[in-house]
Structures are given as structure tokens and as C-alpha cells.
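The first residue in the sequence is number 1, and the count goes up from there.
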Amino acid sequence: MNVVFQHTKSGQHIMLYKNWQHIVEIFSSKLILALVIVVPAFSSPSNAGGVRFEQSASNLPNSYKRLRKFEGIKAKRIHSFSIYGGECVTSAYGDGTGKGDCSYGSVRSMLRETKSDGRWVFPQPPEAWYGFDMLVPANFPTQGAQTKGSYIFTQWKGGVCPHASINHSTRKGQGDIIYLRLQAPRDVANHDCRDIARIPLMKMRDFKGQWRNFQVYAKWSHKADGQIIVYIDGQQVGNYSGPTLNVPPNHPHKKAKMNHFDIGVYLCCTAGVKYIRPGTIYFANVNRAGSQKKLSK
């Protein structure tokens, strides 16, 4: 794929495609063709099924779009998230560590949960159900097609590490799996996380190529009574019991209670952003509710 990055006065980079065929490949797969009306990316928050989102400050330029229509799904809005190689965006997260996506060869296009006043340091309800439809097209680069790294598609983000996330590793030997991952900080200064649990949910080759419906139950707790249950297309595929919050409740850090709900695509810790292969995934019908019954309404 031929891609050129053009610098603008604002310092952003515009990606110019020299080959139209690859644009078609990004927005379609062998099995599914998107029929879309594209709405320009927005900077103000968006309400999606009761959850308020804004774009991550680390998003690649022009990587997020809202779509009005998409074949195979009924929804008021469809969220489109794209990644591509070339250059990273964030050299520092502003947390005092001096680290950012550029430090780790990472790229992202995500929506981050936020409050109406702009706050994004807040806890989740003690118990909640989360629902969303997700499409990973058949031609999206996963294990064997993407440079080494780890994808996050959905996360409940703590101060340093996700409390929990829906993940996929592109590294050989990790299994071609989409899985539930729980992590805790290992080295805060370097944003290094250790695994608490990895629970296989589904083979990625079976997951890709069609819309999948997720329903996730979470009981957020620092104690052993925490729980996360994952359903895909109505079938329970994962069940974790144990602590679901990775920072002690008495921790003095201002982000100790942070647990915002994010959707999109984040590819972390690659061999270098110049090796990243482009791809787009889609979300729809994103919601949070107090019960599974209310989630389905």
C-alpha cells in the first residue's frame, strides 16, 4: 500500500492514499460490504446508548468516523475506528512519566467515556451490564498479518493499566484468540502491566467477518467477590471471579478510582509504527445498564 504523510501547519499528518483499491479494502471484506454515509469526525462528546464518549487525545488524525448506515446491522449510529502505520501521535501522556504512544510503537483510534463536565477520572457503577455490537472484518490484520503487538478493542481503564479489556495478541505462540484480559501495574513509570488473568473467548478466525454481539456483566471490586462474565451472541464464553479493580482503594494517587469504559482499537507495543498494517473495525449499539434485561431494550 502506498501512503504519504503530508505535514500541515498545525503539525498534524494527513494520510494520502495513492491506490484507491486499498481504500476499498479497508472498508470492506470478502464477506461484508459497508454501505455507509460518512459523517466527519467530531471533537465534542457523543452519547451512545447512555454512555458519553469523546475521542482520545492520542487518536491518529482522521481515524474515527460516525456512520449512518452499514449493511448487516441495525443501529442509530455506527462507530468506525481505523489504524495505519507511518508516524505516532502522542510523545507524552502528560502524566509526568515522559512516556506516550510513540515510546511504545503504539497507535490508536478510540472513544473514551467522559462525564458532561469533561471529567474522565471516575468509577463505574458497582455492578453493571455492558452491551455492544462489534465487527472485525475478515481482512483486518490480526495474528500472522500484523506486526507484533497487542490489540485492545474494549477496555475499562484504570490509572495506568486497564482493569479489564477485550484483547487479541498478534504475537506468535499466543494463540489466534480473542480474550478477556485483567491486568495490574508492574512498573508505573514505564506504563508496564502484568497479567492477572487471560481468559480465551473465541478463535479470532471464527470471530472475524461478521457482526458479533457482546454482553458483559461486571462486579467491580478490589476483593475476591469481583466477577466478569462475557457473552458473545448470547452464549457465555468467559467467566472470571476475583478482584476486578487493580488499584487499592486507599491508594493516594488521584487516579486511584479511575475506571472509564472505552471502545475502538488500540495496537500497543509493536516493532515500530512504520511496520503497522492498516485496518478498520466497527462498533454499534453501545450501552450500559443495571441489568441484562434492561441492556436488551
Side-chain angles (χ1 to χ4, degrees), residues 15 26 41 48 51 53-65 79-95 97 99-114 120 130 132 134-137 140-143 145-171 174 177-183 185 190-193 195 198 201 204 207-208 214 216 246 255 258-283 286:
M15 183 173 61
I26 288 176
V51 184
F53 290 111
E54 67 178 8
Q55 288 196 61
S56 168
S58 298
N59 277 5
L60 290 167
N62 304 313
S63 63
Y64 169 75
K65 292 180 174 65
H79 305 278
S80 168
F81 302 93
S82 299
I83 58 168
Y84 50 83
E87 297 187 18
C88 62
V89 173
T90 308
S91 58
Y93 296 131
D95 58 1
T97 64
K99 305 287 186 178
D101 279 4
C102 300
S103 308
Y104 307 106
S106 303
V107 294
R108 75 179 76 200
S109 178
M110 299 198 81
L111 290 181
R112 178 179 66 186
E113 183 183 4
T114 184
W120 45 274
Y130 304 84
F132 52 90
M134 177 181 173
L135 170 64
V136 177
F140 184 83
T142 52
Q143 189 180 88
Q146 183 61 276
T147 183
K148 70 175 184 178
S150 181
Y151 282 114
I152 290 178
F153 301 119
T154 306
Q155 67 175 347
W156 291 266
K157 183 65 167 64
V160 174
C161 307
H163 300 289
S165 60
I166 304 298
N167 271 75
H168 170 70
S169 176
T170 66
R171 292 179 172 86
Q174 295 289 329
I177 299 290
I178 188 167
Y179 52 90
L180 171 67
R181 187 179 189 182
L182 289 94
Q183 296 173 280
N190 289 299
H191 294 266
D192 188 22
C193 306
D195 280 352
R198 284 196 191 196
L201 302 178
M204 179 56 86
F207 183 87
K208 294 168 69 172
F214 277 80
V216 180
N246 60 30
K255 294 183 180 179
M258 189 169 84
N259 187 12
H260 51 77
F261 174 43
D262 304 342
I263 60 171
V265 56
Y266 171 47
L267 178 59
C268 176
C269 315
T270 72
V273 294
K274 65 181 180 180
Y275 302 112
I276 293 173
R277 297 179 181 178
T280 301
I281 69 168
Y282 306 89
F283 280 78
V286 184

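- The shortest non-hydrogen separation linking Gly159 to Met258 is CA-CE, 3.4 Å.
- Between Phe283 and Phe81, the ring planes lie perpendicular to each other; the angle is over 60°, past the 30° to 60° tilted range.
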(message) Walk me through whether Leu111 and Gln55 qualify under side-chain contact (heavy atoms from CB on, under 4.5 Å).
(response) CA-CA 5 Å; Leu111 290 181; Gln55 288 196 61; 3.9 Å; yes
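- The two residues Arg181 and Ser150 have their closest heavy-atom pair at NH1-OG, 3.5 Å.
- A donor-acceptor pair under 3.5 Å is absent between the side-chain atoms of Arg112 and the main chain of His260, judged by distance alone.
- Atom CG of residue Leu267 and atom OG of residue Ser106 lie 7.0 Å apart, to the nearest 0.5 angstrom.
- With rounding to the nearest 0.5 angstrom, the CD1 atom of Ile166 is 12.0 Å from the OH atom of Tyr130.
- For the atom pair NZ of Lys208 and CE of Met134, the computed distance is 11.0 Å after rounding to the nearest 0.5 Å.
- By the ring pair (Phe, Tyr, Trp, His ring centres under 6.0 Å) test, Phe207 pairs with Phe214, sequence neighbours left out.
- In terms of heavy-atom proximity, Pro162 sits nearest to Ile152 at CG-CD1, 4.0 Å.
- One distance of note links OG of Ser109 with CG of Leu60; it measures 7.0 Å at 0.5 Å rounding.
- A donor-acceptor distance shorter than 3.5 angstrom exists from the side chain of His168 to the backbone of Ile177, with no hydrogens or angles considered.
- Phe140 is linked by a ring pair (Phe, Tyr, Trp, His ring centres under 6.0 Å) to Tyr151, counting only residues two or more places apart in sequence or in another chain.
- You'll find the side chain of Asn246 reaches within 4.5 Å of the side chain of Pro185, heavy atoms only.
- Smallest separation of non-hydrogen atoms from Gly105 and Ile276: O-CD1, 4.2 Å.
- Using a 4.5 Å heavy-atom threshold, the side chains of Arg108 and Asn59 count as touching.
- Nearest heavy atoms, Thr114 versus Phe53: CG2-C, 3.9 Å.
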(request) Decide yes or no on side-chain contact (heavy atoms from CB on, under 4.5 Å) for Cys269 and Arg171, but give the supporting numbers first. (result) CA-CA 11 Å; Cys269 315; Arg171 292 179 172 86; 4.0 Å; yes
(message) Between Thr170 and Arg277, is the side-chain contact (heavy atoms from CB on, under 4.5 Å) condition met? List the steps.
(response) CA-CA 12 Å; Thr170 66; Arg277 297 179 181 178; over 6 Å; no
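- A donor-acceptor contact shorter than 3.5 Å is absent between the side chain of Ser165 and the backbone of Asn167.
- Note: Tyr64 OH to His79 NE2 = 4.5 Å, rounded to the nearest 0.5 Å.
- Between Lys157 atom NZ and Tyr266 atom OH the span is 8.5 Å, to the nearest 0.5 Å.
- Ring-plane geometry between Phe261 and Trp156 is classed as parallel, the angle between the planes falling under 30 degrees on a 0 to 90 degree scale with a further cut at 60.
- Closest non-hydrogen pair, Tyr84 versus Pro61, comes out as OH-O, 2.9 Å.
- For the pairing with Gln155, the side-chain contact (heavy atoms from CB on, under 4.5 Å) check across Asn259, Asp262, Ile263 returns one residue only, Asp262.
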